[in-house]
Amino acid sequence: MLKTVEDINVKGKKVLVRCDFNVPMDDNGNITNDNRIVGALPTIKYLVAQGAKVILCSHMGRPKGEFNMKFSLAPVAARLSDYLGQTVKMAEDVVGESAQALTAGMADGEVVLLENVRFHAEETKNVPEFSKKLADLAEIFVNDAFGTAHRAHSSTAGVADYLPAVAGYLIQKEIDIMGGALENAQRPFVAILGGAKVKDKIGVINNLLNKVDTIIIGGGMAYTFCKAMGGSIGDSLLDEERIDYAREVMALAKEKGVNLMIPTDNVAADSFSNDAAQKVCSSMEIPDGWQGLDIGPETTKAFADVIKNAKTVIWNGPMGVFEFENFAKGTIAVAEAVAEADAVTIIGGGDSAAAVTNLGFADKMTHISTGGGASLEFLEGIELPGVACLAKK
Ligand code: AMP
């Protein structure tokens, strides 16, 4: 169990909090979605209420180690001020004169936001001198940025070499729910994997084969499995180099008694476009010139039946090209089935999180992870540097 903000005395202390304020902005610097800011509020409000001096930091975009106003966090300070009902002071730099001056004279309960940590190239290289400079601004470190916890950067992990380090509420929730599912899942435990690339999911498949009752494979990655079973997949996505791997997974699943479900039918298209001609056919007999862009009705039903009876569900990756309305049915049906399941339901970040949110199912899920890459690595069983550096109870 991780130590959290509640396990350390923060009153009157300077607390450096690594948040994920990497919010989307339009060309005029307006925040277009502030979910990440809202997500950070519980930890910040708790620290303010406890009388801590709260120093926030985050990255934003990819400024490549140089100061660039386009990637300034100033709009975030303004939005935070609105939410907190108090002024969040914006530093003009990260560890320079402005940051030092603003953090030197803080009152209890005051909040300061440092500039984008990626204005320093040292941040992503995790250079100890830079980590130390960040640490020198504060007395306690709180990591609450799950989305970057799989990266060993100065502000996500390096700084913990110099300060007592604990988890914020967001990270705690991610680890409790996902870790709980992996360690003591209620059964049946079903993992749903989709998306374009087999390569991205290898680690997850390998780890989950030892934990789940069923692995459902959909999306573009499924066709490599169909090919491995001797099917003809037309022009569907194929990862030639991983056909043998797909065969190994199928053999391993059999050996371990895991029910590995591969699509039996699909919706094929005569081109990669929403308006393409489409037809339902067996996933093992897709004609040349056609490509599978969604799971078919028989597969959808089979997947949904298993999902609805699950007690734990983890989902990462869409079942088809859901960005095309005409090929989104499978992904929508799977989202519905997950929403209906009387189960702990966990949506990995990225595309599946976006799909579930856009379809209006977000509040029906137990947990939607705030980190795409980080949640994948967590499901692979890899220890995340931004979590490993935190104190344990
Ligand atoms: P990933 O980034 O690996 O999670 O993949 C997500 C992407 O996979 C989405 O943009 C989907 O459009 C794409 N995708 C899903 N199914 C297919 C498919 N059958 N053929 C091509 N692309 C697909």
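In each ligand, atom 1 is the first atom listed, and ligand 1 is the first ligand listed. Note that the numbering runs from 1 along the sequence shown for the chain.
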For ligand 1, is there an N or O atom under 3.5 Å from any N or O atom of G292? yes
Could you check whether S283 and D265, counting side-chain N and O atoms only, form a donor-acceptor pair closer than 3.5 Å? no
Using a 3.5 Å distance criterion without hydrogens, assess whether the side chain of W315 forms a donor-acceptor pair with backbone atoms of G317. yes
Is I44 close to L84 at the side-chain level, that is, under 4.5 Å between some pair of heavy atoms? yes
Determine whether the aromatic ring centres of F322 and F327 lie less than 6.0 Å apart. no
For the backbone of E92 and the side chain of S98, can you confirm whether one donor and one acceptor N or O come within less than 3.5 Å of each other? yes
For atom 15 (C) of ligand 1, what is the nearest protein heavy atom, given as residue, atom name and distance? G320 O, 3.2 Å
Can you find an N or O of G220 that's nearer than 3.5 Å to an N or O of ligand 1? yes
Per-atom contacts, ligand 1 versus G195 - under 4.0 Å to a heavy atom: 1 (P), 3 (O), 4 (O), 5 (O), 6 (C), 8 (O)
Starting from atom 5 (O) of ligand 1, find the nearest protein heavy-atom neighbour and note its residue, name and distance. A196 N, 2.9 Å
Mark up the atoms of ligand 1 that fall under 4.0 Å of a heavy atom belonging to G219, in ascending order. 16 (N), 19 (N)
With a cutoff of 4.0 Å, is Y223 in contact with ligand 1, counting heavy atoms of the residue only? yes
Which residue supplies the protein heavy atom nearest to atom 2 (O) of ligand 1, what is that atom called, and how far is it? D351 OD2, 3.7 Å
With atoms numbered from 1 as shown, which atoms in ligand 1 lie under 4.0 angstrom from a non-hydrogen atom of K197? 3 (O)
Should the proximity of L237 to ligand 1, defined as any heavy atom under 4.0 Å, be assigned to the side chain, the backbone, both, or neither? side chain
Nearest to atom 22 (N) of ligand 1, what protein heavy atom do you find, and at what distance? V321 CG2, 3.5 Å
Are any side-chain N or O atoms of D235 and backbone N or O atoms of Q291, one a donor and one an acceptor, separated by less than 3.5 Å? no
Do any nitrogen or oxygen atoms of E323 come within less than 3.5 Å of a nitrogen or oxygen of ligand 1? yes
Contact region, K201 to ligand 1, non-hydrogen atoms below 4.0 Å, reads side chain
Separation between CD1 (I216) and CE (M261), nearest 0.5 Å, reads 5.5 Å
Is the Y162 to F141 ring centre distance short of 6.0 Å? no
State, without any angle test, whether T264 and E298 hold a side-chain donor-acceptor pair at a distance under 3.5 Å. yes
